[in-house]
Asks: 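Supplied in structure tokens, the structure appears directly below.
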Number of protein chains: 2
Amino acid sequence: MDIQRKDVHNSETPVLCQACESRHRGVCGALTPDQLLQLSKHSTRRTVEPGTELVGESLKTKSYSNIISGVVKLSKMMADGRQQIVGLQFAPDFLGRPFRSENGVSAEAATDVKVCSFPKAAIERMISEMPELEHKLLEQTLTELDEARDWMLTLGRKTAGEKVASFLLLIATHAFPDNESDSVTFDLPMSRTDIADFLGLTMETVSRQLTKLRKDDVIRILNNRHVTVPDLTRLSERAGF
Amino acid sequence: MDIQRKDVHNSETPVLCQACESRHRGVCGALTPDQLLQLSKHSTRRTVEPGTELVGESLKTKSYSNIISGVVKLSKMMADGRQQIVGLQFAPDFLGRPFRSENGVSAEAATDVKVCSFPKAAIERMISEMPELEHKLLEQTLTELDEARDWMLTLGRKTAGEKVASFLLLIATHAFPDNESDSVTFDLPMSRTDIADFLGLTMETVSRQLTKLRKDDVIRILNNRHVTVPDLTRLSERAGF
DNA sequence: GGCGCCAATTGACGCGCATCAAAGTGGCGG
DNA sequence: CCGCCACTTTGATGCGCGTCAATTGGCGCC
């Protein structure tokens, strides 16, 4: 399998989400058993393939989802086709833009993705009734904002080499948030073209920088996907830290 | 409950914030007169000059503020001095990162800025007691996230010319959010260097693109600061739309 | 007015990344 | 095992923007 956030991420006692049929810290973590039961009547659970569009850029959102496993890319496109990936979301993130039907961002599965979806109306009603839920949403949104701003520094001020190293570091830390050792191995959740769209580069430049990192023994790559980083410190130096 | 929320939100007549001694739509808009009175005992109001640091990058935040007037720039810096402005905040935005002492972003006044500050503890207590306030925060945070993602597209995929045009468009729309006509005039809230740091460019490139826009009659500039845009449509074409 | 100071402009040049093109690699069905 | 296809790598060339340096322009001060 590919990227998978290590079980439940800091969990002390994650609530069992009956709707999602899985333990995680998504939105359901804020609900009581009764509320979960009620919500689960309206929820649907499904697994989609890479490339599936989960939320259209200008389409009205009809539902919100918890990501149970996998990676989702959020992207924006210009009229002439230029594209920028503006964020990646991992389990157990919440997917969807509350309080607005359009958000100008399209969400697409990068890997196989398991999601648990709720109708828009149900979620918004629960939000207005449950401060806990709103608080949880605020926390996630603030975290996403922090991450977006970090990435703006990467996009605006880093060189191609630093960008690619930053990307590898991002995936490494999200795949194993609690990793203590200095070496990691993981699978890249997306193609060179996608990586380029995330970094504001071209596919060719990404490829060249990856081979440079390989030649300098900062990383090793098997089958174009499977990456091992023997020393995270050296990688983060390459990323500009 | 629902009605009340809606009311506070879309109110045409913003609530008088006794703490800030000014009518605006900031956080105070969610409070009742009693709560405002209580809060105002702990608030301080001040005006600062351009360049004043309002929140340090790694300093612990001790207070939160409403921006009453002026423009604040949020920026990040790398160890070697490279800098990126990751956001601009206008009145009546809320300034500060709840639920975390560090946020990795420093806030600096771009223009003369009037702020109304509250101690961290007071705000966080009120948040936990007032769902209304938390909702307002969530709304602003979501808006900031949308704006951050828009800017990521600009940073990652637009040319220098498109970037500068996008910046002018951003200022024009924020200076006069309700502008209906196709021509606007406004003052740039910051220097060429700051603009460059916001766009991921150099000062020289910003300057060259501005003179190009001037020569093409898309904009006019007086005294290096005062800008008039005769036709917003032509400007937004230059921005990549 | 003359002077100094700082921000902005303009010019000359080089480098980093994009662009275009071709060859290599892995995956999969026949 | 072979051939096909999508993806990736590698190479050659060009351009956009960065870099460095000189000039201009605004503004307060003596």
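Here the structure is a predicted model, which is why all the values come from computation and not from measurement. By convention in this document, chain letters (A, B, ...) are assigned in the order of the sequence lines, proteins followed by strands, and residues within each chain are numbered from 1.
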Asks: For Thr202(B), answer base if it contacts any base atom (sugar-phosphate contacts may also be present), sugar-phosphate if it contacts only those atoms, and nothing otherwise; contact means non-hydrogen atoms under 4.0 Å.
Replies: base

Asks: In whole angstrom, what separates Leu213(B)'s CG from dA8(C)'s P?
Replies: 16 Å

Asks: Measure CZ/Arg225(A) against P/dG27(C) and give the value in whole Å, please.
Replies: 11 Å

Asks: Starting at CG of Leu222(B) and ending at C1' of dA7(C), how long is that distance when rounded to a whole Å?
Replies: 17 Å

Asks: Between CZ of Arg192(B) and CD of Glu204(B), what distance do you get to the nearest 0.5 Å?
Replies: 12.5 Å

Asks: CZ/Phe198(B) to CG/Leu88(B) distance, rounded to the nearest 0.5 angstrom?
Replies: 4.0 Å

Asks: Could you check how far NZ of Lys158(B) sits from C1' of dC17(D), rounded to whole Å?
Replies: 18 Å

Asks: Nearest whole Å is fine: how far is dA18(C) P from Leu199(A) CG?
Replies: 10 Å

Asks: How would nucleotides 20-26 of chain D be written as a contact map, 5' to 3', with B for base contact, S for sugar-phosphate-only contact and - for no contact, using protein heavy atoms under 4.0 Å?
Replies: BB-----

Asks: Hey, does Gly200(B) reach any base, or is it just sugar-phosphate, or nothing, if we go heavy atoms under 4.0 Å?
Replies: sugar-phosphate

Asks: Given dC17(D), dC17(C), dA8(C), identify the nucleotide with an atom nearest to the side chain of Gln209(B).
Replies: dC17(D)

Asks: Verify, without hydrogens or angle tests, whether Ser207(B) (side chain) and Met203(B) (backbone) share a donor-acceptor contact under 3.5 angstrom.
Replies: no

Asks: Between Thr211(B) and dT10(C), is there a contact of a side-chain N or O with OP1 or OP2 at under 4.0 Å?
Replies: yes

Asks: Base, sugar-phosphate or nothing for Leu201(B)? Non-hydrogen atoms, less than 4.0 Å.
Replies: sugar-phosphate

Asks: Round to a whole Å and report the spacing from CG of Leu155(A) to C1' of dC17(C).
Replies: 15 Å

Asks: side-chain contact (heavy atoms from CB on, under 4.5 Å) for Leu188(A) and Leu168(A)? Distances and angles first, verdict last.
Replies: CA-CA 8 Å; Leu188(A) 292 177; Leu168(A) 292 172; 3.9 Å; yes

Asks: Can you name the nearest heavy-atom pair linking Lys158(A) to Arg82(B), along with the distance?
Replies: CA-NH1, 3.9 Å

Asks: Please determine, for the side chain of Thr159(B), which listed nucleotide (dA8(C), dC17(D), dT9(C)) has the closest atom?
Replies: dC17(D)

Asks: When you measure from the side chain of Met203(A), which nucleotide among dT9(D), dT9(C), dA8(C) comes out closest?
Replies: dT9(D)

Asks: Nearest-Å distance, CZ (Arg192(A)) to P (dG24(C))?
Replies: 19 Å

Asks: I'd like to know if the side chain of Gln140(A) reaches the main chain of Phe94(A), judged simply by a donor and an acceptor atom lying under 3.5 Å from each other, with no hydrogens or angles considered.
Replies: yes

Asks: Tell me the interatomic distance from His226(A), atom NE2, to dG26(C), atom P, rounded to whole angstroms.
Replies: 15 Å

Asks: Below the 4.0 Å mark, does dG18(D) have OP1 or OP2 next to a side-chain nitrogen or oxygen of Thr205(B)?
Replies: yes

Asks: Around Arg46(A), counting heavy atoms of other residues, nucleotides and ligands shown, do more than 12 lie under 6.0 Å from its CZ?
Replies: no

